[in-house]
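Please read all numbers here as calculations on a predicted model, not as lab measurements.
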There are 2 protein chains.
Amino acid sequence: MTNIHHVAKEAGVSVATVSRVLNGQNSVTYKTKLKVEEAINKLNYEPSVLGRNLRNSESRILLILIPQISNPFYTEIIKGIEQTAISLHYNILLCETDSSPQRENIYFELVRNKMADGIISMDPAVNRETLLKLAEKHAIIQCSEYTPDSGIPYVTIDNEEAAYRAVNHLIQIGHRNIAMINSDETYLYAQQRRQGYQKALLKHDIPIRPEYVLHASELGFDNGQQAMKRILKLKDRPTAVFAVSDLLAIGALKEVNNQRLQVPEDMAIVGFDKIDFSNMTYPTLTTISQPMYKMGKIAASMLIDRIKGKQVESVILEHELVIRGSTAG
Amino acid sequence: MTNIHHVAKEAGVSVATVSRVLNGQNSVTYKTKLKVEEAINKLNYEPSVLGRNLRNSESRILLILIPQISNPFYTEIIKGIEQTAISLHYNILLCETDSSPQRENIYFELVRNKMADGIISMDPAVNRETLLKLAEKHAIIQCSEYTPDSGIPYVTIDNEEAAYRAVNHLIQIGHRNIAMINSDETYLYAQQRRQGYQKALLKHDIPIRPEYVLHASELGFDNGQQAMKRILKLKDRPTAVFAVSDLLAIGALKEVNNQRLQVPEDMAIVGFDKIDFSNMTYPTLTTISQPMYKMGKIAASMLIDRIKGKQVESVILEHELVIRGSTAG
DNA sequence: ATGAAAGCGCTAACAC
DNA sequence: GTGTTAGCGCTTTCAT
């Protein structure tokens, strides 16, 4: 490996001067600058990030914590993060927790020992205690899922309102027996969306039936499909379903199709997220649109601000109800 | 920041001893080891990866180069990579090129300046020259797409054979007017799959019609949908389509549905990859199953072997034709 | 404008 | 079994 000393020698200057040229400081004569650049080219020199990082005690790496990389909701956010990160000369370390605390700990370690400068956590199953502890000394932003009053800045949407709108839509088009496919209600977003669901029912004097609320252990197609199987067996069979994720909704839709029932006639379905897939199903999926890309961009710039010691405020972004085939006859 | 010197002082030993304890060397007395551990706990010490990396001149980071993170084909491979990487104490830096040479260069830089120990490239649009140059001095593995006879080890499937089987299946069930939705034929896999397509036709004395082969500029739903629009306007309208990606196939399927035509009666469709979503469409998609997860695991362990200086051999994995609703009446 | 030198935090060769 | 010390490659302070 050729290093800064070789270049200095070749150019007949000191390492300090080479470093100055490398970092674009203008306290260097044009002439010496030229000499240095010549030497750099001649020796094919590439400065080592390892040395620089140690010296600057930074890594310029952002750690992204997600539960499942296969959920397009997250990949779309990641795109946004990457866009911002790259433009500010940061890189992203992708960490899929699989909701395993062990994995999580491995990743937390990375920021503790300065392998990463900060964390964007999107994992609802994150160990809140550890995260809070970590947040005392390190830059952390929560994205989508968050911990209220924890002091950790977040970017998210108004989940309750979004769910309310979704269910309200179902009521408007005439449904009264409305089931919900929720995820684990230890997660805040699940609680909030359930609140929104209930609020919409109450507003229209529709009784709340606990048996109409099902829980999926994960956000996969299968889980949605299984949930729909159970829904179709309920007495007073619901005529509509609100699922808290498009993946769940798509799985549910599949099961309705499988049983030769019609969507939306026999069963209306609303999803959540507006992932690309949601427009490819038959019929297309009515869903709540989340601004994933924007979320990612904002989360990244918040984090980088945090890393630089700035104070940042949490952000709540807009959402939108997108009405498509699965509720519109 | 508390560092190794603080710990040494606190424990009343030298930094070398602390380092030994940190690295689990057993040349340390149980008693001193205890003292050191006590000091570590007391001071809440976390060794800095920055110092260690510089000293060992490694980063323990693997760079993953993909064109699009939103394609589930890649995310599934990434899962496999991550699984292996984590078990061998490596982390992955996710790099989405968007097929932009500029971005690519930024990422290549990372391995040049030792921010990453090696690369797994899955980008078919990769700048081959640069990659080859880089491979002279750095550990690189290609995954899925590769460069024959370049000396860069790869893991992939037999694309020609896979395409052959897909098209052969369509012929077996009675089709003779078979279109192909290919991607850019500057990519090797696209060439190989086209070869397989033609081989199957020739084998059954079906004339090859260039106008039956369409090209999608990217692998998104839209591109598939656009391609199908054009296919449906062809004279001697094809009765079947082979798409080189499930995303394309799903977009194509969508368009057939939109035009109120029946799949597979009016148009049979075969995809490629077997992403999860291919089982959620209506009807479900016949497709070539690629072992994505396994591919990722193998690519990662090949790369790590490479980093450690071992010689590795390229691998060609098995694929499988999965017959489902979009071809089975 | 440039150079000498200290030091970021760690590991390992060498000495005892 | 443990300590001393050089050095990984870089940036920056302090001289000049």
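- When all heavy atoms of B:A125 and B:S99 are compared, the closest pair comes out as CB-OG, 3.8 Å.
- Within the structure, the salt bridge (charged side-chain N to carboxylate O under 4.0 Å, His left out) test picks out the following pairs touching residues 307-317 of chain A (sequence neighbours left out): A:D305-A:K310.
- With a cutoff of under 4.0 Å to any heavy atom of chain A, the contacted region of DNA chain C is bounded 5' to 3' by C:dA1 to C:dG9.
- B:R128 and B:T147 are linked by a side-chain donor-acceptor pair at a separation below 3.5 angstrom, with hydrogens and angles left out of the test.
- Listed by first then second residue, pairs satisfying salt bridge (charged side-chain N to carboxylate O under 4.0 Å, His left out) with a partner in residues 89-100 of chain B read A:K79-B:E96, not counting sequence neighbours.
- Residue pairs meeting the salt bridge (charged side-chain N to carboxylate O under 4.0 Å, His left out) criterion with at least one member in residues 21-36 of chain B, sequence neighbours excluded, do not occur.
- Applying the ring pair (Phe, Tyr, Trp, His ring centres under 6.0 Å) test to every pair with at least one member in residues 124-154 of chain A, sequence neighbours left out, gives these pairs: A:Y146-A:Y154.
- Within residues 107-117 of chain A, no residue has a heavy atom under 4.0 Å from DNA chain C.
- Taking all atoms of both residues into account, the shortest heavy-atom contact from B:I120 to B:C143 is CG2-CB, 3.8 Å.
- Under the rule for a salt bridge (charged side-chain N to carboxylate O under 4.0 Å, His left out), A:E104 has no partner lying at least two apart in sequence or in another chain.
- Between its opening and closing five pairs, the helix from C:dA1-D:dT16 to C:dC16-D:dG1 changes axis direction by 40°, a value rounded to 10 degrees.
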## Note on the structure
Protein-proximity profile, nucleotides 6-13 of chain D, B/S/- by nucleotide at the 4.0 Å heavy-atom cutoff, equals BBBBBBBB
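- Applying side-chain contact (heavy atoms from CB on, under 4.5 Å) to A:V7 and the options A:T17, A:I40, A:V13, A:V21 leaves one that passes, A:I40.
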Side-chain donor-acceptor pairs under 3.5 Å in residues 293-304 of chain B, sequence neighbours left out?
from: B:S301; atom 1: OG; to: B:I298; atom 2: O; distance (Å): 3.3

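- B:R112 pairs by the salt bridge (charged side-chain N to carboxylate O under 4.0 Å, His left out) definition with B:E109, not counting sequence neighbours.
- Listed by first then second residue, pairs satisfying salt bridge (charged side-chain N to carboxylate O under 4.0 Å, His left out) with a partner in residues 36-53 of chain A read A:E10-A:K42, not counting sequence neighbours.
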